[in-house]
Amino acid sequence: MSAAPHLRELLLIGGGGEMTLSVDVAVQALEQARARGLRTHVTNRADTLAATPAVTAAADAATAVDFARPGDTADWAAGRAADGERPALVFGVREMAQEAVAATAHALELPGNPPAAVRRIRTKDACRAALAAAGFRQPAVRVCRDASEARAFLAATAGPWVVKPRDGADSAGVRKVTGPDDLPAALAQLPDREAPFLVEEFVDGREFSVEGVFVGGSPRVLAVTAKEKLPPPYFVEIGHVLPADLPEETRRSVEETVTAALTALELCFGLFHVELWLTAEGIVLGEVHVRIGGGWIHRMLPHVRPGLELYGTVYDDALGLPVDLPASLPAPERAAAARYFAPPEGRVTAVTGWDAVRTHPAVLHAELRVGPGDVVPGFRSGGDRVGAVVVGAATPAEARELARELVASVHFTVEPVEPVDAVDMGDDVPEVRVDLEPRPLTSSFRISHMTIETVDHLRLRLLQGGRTVGEGEITADSGYGQDGPAIAAEAEALARTLAAARDEAHHGADPVAPLRAALEKAAADGVGAPARMLVEMAFLDRAARRAGVPVWRLLGLPEPGRVRLLHTVPIGEDIPLDGRPLKIKLGGADDEQILRSLLGVPAPLILDANRGWDRQDWERLRPLLAELAPAVLEDPVRDPALLPAIRAALPGTAVVLDEGIATAGDAAFAVGTAGGLNVKLMRFGGILPALDALTDATEKGAARMLGCFLEPPRAIAYAAQLAGLCDWSDLDGHFWVSDDRPVPSYGLDSDAPGIPRIAYTPEPARGEAPAI
C-alpha cells in the first residue's frame, strides 16, 4: 500500500519485542507519531510482527524486514524512497535495532546518529576504549575468545571481575567472578558460548543511569535514575527510583559528565540511556545506549515531568518543530519507582494479594505474568522477570518504599519441580529465530574448481522467555551449491514444525529418537542437508542442555579427546614444513610441480584433487604419486572406473571419496569402490546420519576421514564430537571464517551441557601430563 502523499511518515524500525514492556514502548512511540499527523510504518522480523499484534494494530502499515541486517533494512527503505514512499523520519525503540536505524537514516539523508558511532557503543569494548581515550574513567576490559584468555586477564589484573557478552541486553549472561574457580560457571551463563565475550574489572560503587533526549543535536538530561540490583554473582535490576536522591552538586556533576561523554562519542539524535557508577574515585561510565532505558522508565519519566512526550519530542525536533526543553532542567518535583517480582523458584500453586496491588491508586502500571501451574525460573536476566509494579509518589524515598511494600504484599506459594521437568520445560513451544549475515573470509580459499571469498553465516536459535535454549550455526557457500537464504527459509520452516510438535521426550524417554525420525522424514520430503544440520544442531543442543550433558554423551559417543588436525594448504599457498600432516589441495595446472616439491617432506601427506584429474592426468602423475606414497589420496579422479587401478598402484595409500558423498547409499558406494570416505556433516544433514555412515564404515574396515567446509567454530566443534571414530580429522575450516588462530590441535570443552566449545589449551609437551 502506498503512503498517502499528503501525510508524512514515521518509519519505526524493529517495532517492538515480544515482552510486554517492549510492546508498550512501541505502541507509545506510534501513538505519539499519529498525534502529530504522521503516518506510521513498522518493520520487524516476520515472526515478531505476528507475535506483537498490538504494535501492528497501532501502525498504518507493517513489513517484514530483518533489522539484524542493517544494510538490508537500508536498501529496502531506499527502494521504497525511490518509488516515492520516502519517510519523513526514521526511529527505533529497541536496542538491537539501533544499527539498522542509523544505517537507514544515513542512506536516506534523514536525521539520525552516525552509523559508526552506533556500532561503537553497541560493541561494549569499543565503547570503553573510546571513552577512555576521551579521558573518562573506565574499568580495564579484555575481549576473550575462550577460558584460557579470560584466565590470563584475571592473572594480569586486580579482581573481582565481571564476565559479560560483548553485545547483549537485559543483563543476560552478566556475572561476577572473584577468582579463576568462578570462571567456568560464569562462562556457562553466556547466551552465546561460541561468541567472543568480555571480562572487565568489577566497579565498586552505587549504580545509576541518566535518561535524556537530544534536541538540536545536543543532549538534554531529563532525570537521573537510581538502580537497585540483585546481589552478585548476577547483576539483574530489581528496581528503579526516579529521580535519584542525590545532592545537587553530585547530580550536576553526573549530568555534565554524561553530556560530555555523549558528545565525545559523536551521538546526536533520539533518546539516550547512560549507565554509570559513583565510586570513591569519582564517576565511572558504564554502557551507553541510544534508546530509552528499560524497567518501565518510559512510564516513570512522563509522571515526574508532566506533559513530557518522550518520542514526540524526538519527532518535533527532527521535523523542525519548536521544542520547549531548556539545556539545563531543574530536578523533577515528584517521583516514581518500579520494582520487579522475584518469587522463589518452583511451580506456582497459589498467588494472593495481586488484586489489591493492581487497583492501588498510586500504581502507574502493574503486570504479573505467572499464576497457578506456571513454573518460575531462576532470576538470572531481564528475560526471567515475571511482573512489575510502577508507582508514583511525592518523593523518591516514598516511591521506593511504596513499590517495595506493594511487591512484598503479593505472596506466591510454590512447590518444587521434579528435576526431569525442570530440564524438559514441559510442552512450551520455543520461539524460532534464524539470522543470516554475509561474512568475508579472513583470506581467499582456492580449490581445483573455484575460489571462495565470502560465505553466508546462518544462526538458528530456539528461545524461551527471551533466553537461548538451543542453537545451531553453519555457513553456506554458493560455490558448493549452498544457497544461504534458501537454507535459512528451509531451516526456519522445519524448526517451527518441530517446535510446534508435542515433545514426546518426557520422563526418561529417549530424547533423540523423535528428532531422528522427524529429520529422516524431512530428508524424504526433500529438505536440504544444510538446513537439516542447522535444525538438528539446535534441537540436539536443546535436548543436551535439558539433560545437563554434552551432546556427545547424549548420543553415547566416546569422549572426543584432543583433535589433531591436518594442515590444509589451498592451491597457490606456500607449503609449511613444520611436521604436521599436510592436506595439499591439487587439481590445478601446477600439480606436477607441487608434487615434486613434496618429495622428501617428512610429514604425512594427504592429497586432495577434488576430482580434478582425468585419466591422462592420473597416468602422468602416477610415478610421482607412487614415489610419494601419500597416506591418503582424496577424490583423485572424475571417473570412478579408475579407482580400482589407483588402489592397486598405491597399495599403502588410503583412497577416500568426498565429493557427492551425502547419503547412506553414497557412503556404501565410497567404501565399496574406494575403500574409504570423507564424512561432512553439511552434506549428510547432521551428526546423526554422519554417525550412521561412520559406524557402517568402521564395521567394514574402511578408511574414515571427518571433514568440513568453511564453517564457524560452533559447527566445527559439533562435528569434532565424532573425531574419536575417525582415522583423520580435517576440521580446520573455521580458521578462514573466524578470528581463531590456526593451531595443530585443540580440545573440546566436553563437560558443559549442550554443544561443546573448542578449547584452545596448549598441547602438553612430550613426557608431561596433560593439564587438567
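Bear in mind that the values here come from a model prediction, so they are computed numbers and not experimental data.
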What I want to find out is whether [X] reaches [Y] closely enough, with some N-O distance under 4.0 Å, to be called a salt bridge.
| X | Y | answer |
| --- | --- | --- |
| E200 | R128 | yes |
| E711 | K680 | no |
| D435 | R461 | yes |
| D658 | R683 | yes |
| D456 | R439 | no |
| K164 | E287 | yes |

Test E149 against F153 for side chain to side chain contact (heavy atoms under 4.5 Å, CB included), laying out the working first. CA-CA 6 Å; E149 292 187 358; F153 180 74; over 6 Å; no

Non-hydrogen side-chain atoms of [X] and [Y] separated by less than 4.5 Å:
| X | Y | value |
| --- | --- | --- |
| R69 | E99 | no |
| I758 | D749 | no |
| V141 | V199 | no |
| P712 | H457 | yes |
| M96 | R122 | yes |
| E431 | R496 | no |
| L262 | F214 | yes |
| V432 | L462 | yes |

Could you list the donor-acceptor pairs under 3.5 angstrom formed by side chains in residues 526-541, with sequence neighbours left out?
residue : atom : partner : partner atom : Å
R532    : NH1  : V527    : O            : 2.7
R532    : NH2  : F684    : O            : 3.1
E536    : OE1  : I687    : N            : 2.6
E536    : OE1  : Y718    : OH           : 2.5
E536    : OE2  : I687    : N            : 3.2
E536    : OE2  : L688    : N            : 3.0
D541    : OD1  : R545    : NE           : 3.4
D541    : OD1  : I755    : N            : 2.9
D541    : OD2  : E471    : N            : 3.0
D541    : OD2  : R545    : NE           : 3.2
D541    : OD2  : R545    : NH2          : 2.9
D541    : OD2  : R714    : NH2          : 2.9

Where do [X] and [Y] come nearest, in terms of heavy atoms and distance?
| X | Y | value |
| --- | --- | --- |
| L108 | P87 | CD1-CG, 3.7 Å |
| T56 | A62 | CG2-CB, 4.0 Å |
| V563 | A720 | CG2-CB, 4.1 Å |
| L12 | A26 | CD2-O, 4.3 Å |
| A261 | L285 | CB-CD1, 3.5 Å |
| I121 | C127 | CA-CB, 3.8 Å |

Holding to salt bridge (charged side-chain N to carboxylate O under 4.0 Å, His left out), I want the full list of residues that pass it with D83, two or more places apart in sequence or in another chain. none

Identify, with sequence neighbours excluded, every residue that meets salt bridge (charged side-chain N to carboxylate O under 4.0 Å, His left out) alongside R516. D692

Suppose we screen for ring pair (Phe, Tyr, Trp, His ring centres under 6.0 Å). Which residues come up paired with F735, at least two apart in sequence or across chains? none

Tell me every residue that passes ring pair (Phe, Tyr, Trp, His ring centres under 6.0 Å) with H273, counting only those two or more places apart in sequence or in another chain. H289

Checking [X] side chain against [Y] main chain: does a donor-acceptor pair fall under 3.5 Å?
| X | Y | answer |
| --- | --- | --- |
| Q98 | R291 | no |
| N113 | F269 | yes |
| D125 | V143 | no |

How long is the gap from [atom1] on [X] to [atom2] on [Y], to the nearest 0.5 Å?
| X | Y | atom1 | atom2 | answer |
| --- | --- | --- | --- | --- |
| L183 | R175 | CG | CZ | 10.5 Å |
| T63 | L49 | OG1 | CG | 8.0 Å |
| L11 | T104 | CG | OG1 | 7.0 Å |
| I474 | C708 | CD1 | SG | 13.0 Å |
| D60 | T40 | CG | OG1 | 4.0 Å |
| L554 | R546 | CG | CZ | 11.0 Å |

Residues L198, V162; criterion side chain to side chain contact (heavy atoms under 4.5 Å, CB included); working and verdict: CA-CA 8 Å; L198 301 183; V162 176; over 6 Å; no

R45 to F67 six-membered ring, cation-pi geometry met (6.0 Å, 45°): yes

Given the options V455, T454, T475, L441 meets side-chain contact (heavy atoms from CB on, under 4.5 Å) only with V455

What residues, two or more places apart in sequence or in another chain, satisfy side chain to side chain contact (heavy atoms under 4.5 Å, CB included) together with A130? R120, L265

Candidate pair R433 and T48, rule side-chain hydrogen bond (donor to acceptor under 3.5 Å, both in side chains), full reasoning: CA-CA 9 Å; R433 180 156 295 173; T48 314; 3.3 Å; yes

Using the side chain to side chain contact (heavy atoms under 4.5 Å, CB included) rule, take V314 and Y311 through it: C-alpha gap first, then chi angles, then the decisive distance, then the call. CA-CA 5 Å; V314 175; Y311 317 105; 5.6 Å; no

Kindly say whether the aromatic ring centers of H734 and F709 come within a distance under 6.0 Å. no

Using side chain to side chain contact (heavy atoms under 4.5 Å, CB included), reason through L722 and L691 one step at a time and then give a plain yes or no. CA-CA 7 Å; L722 296 174; L691 174 59; 4.0 Å; yes

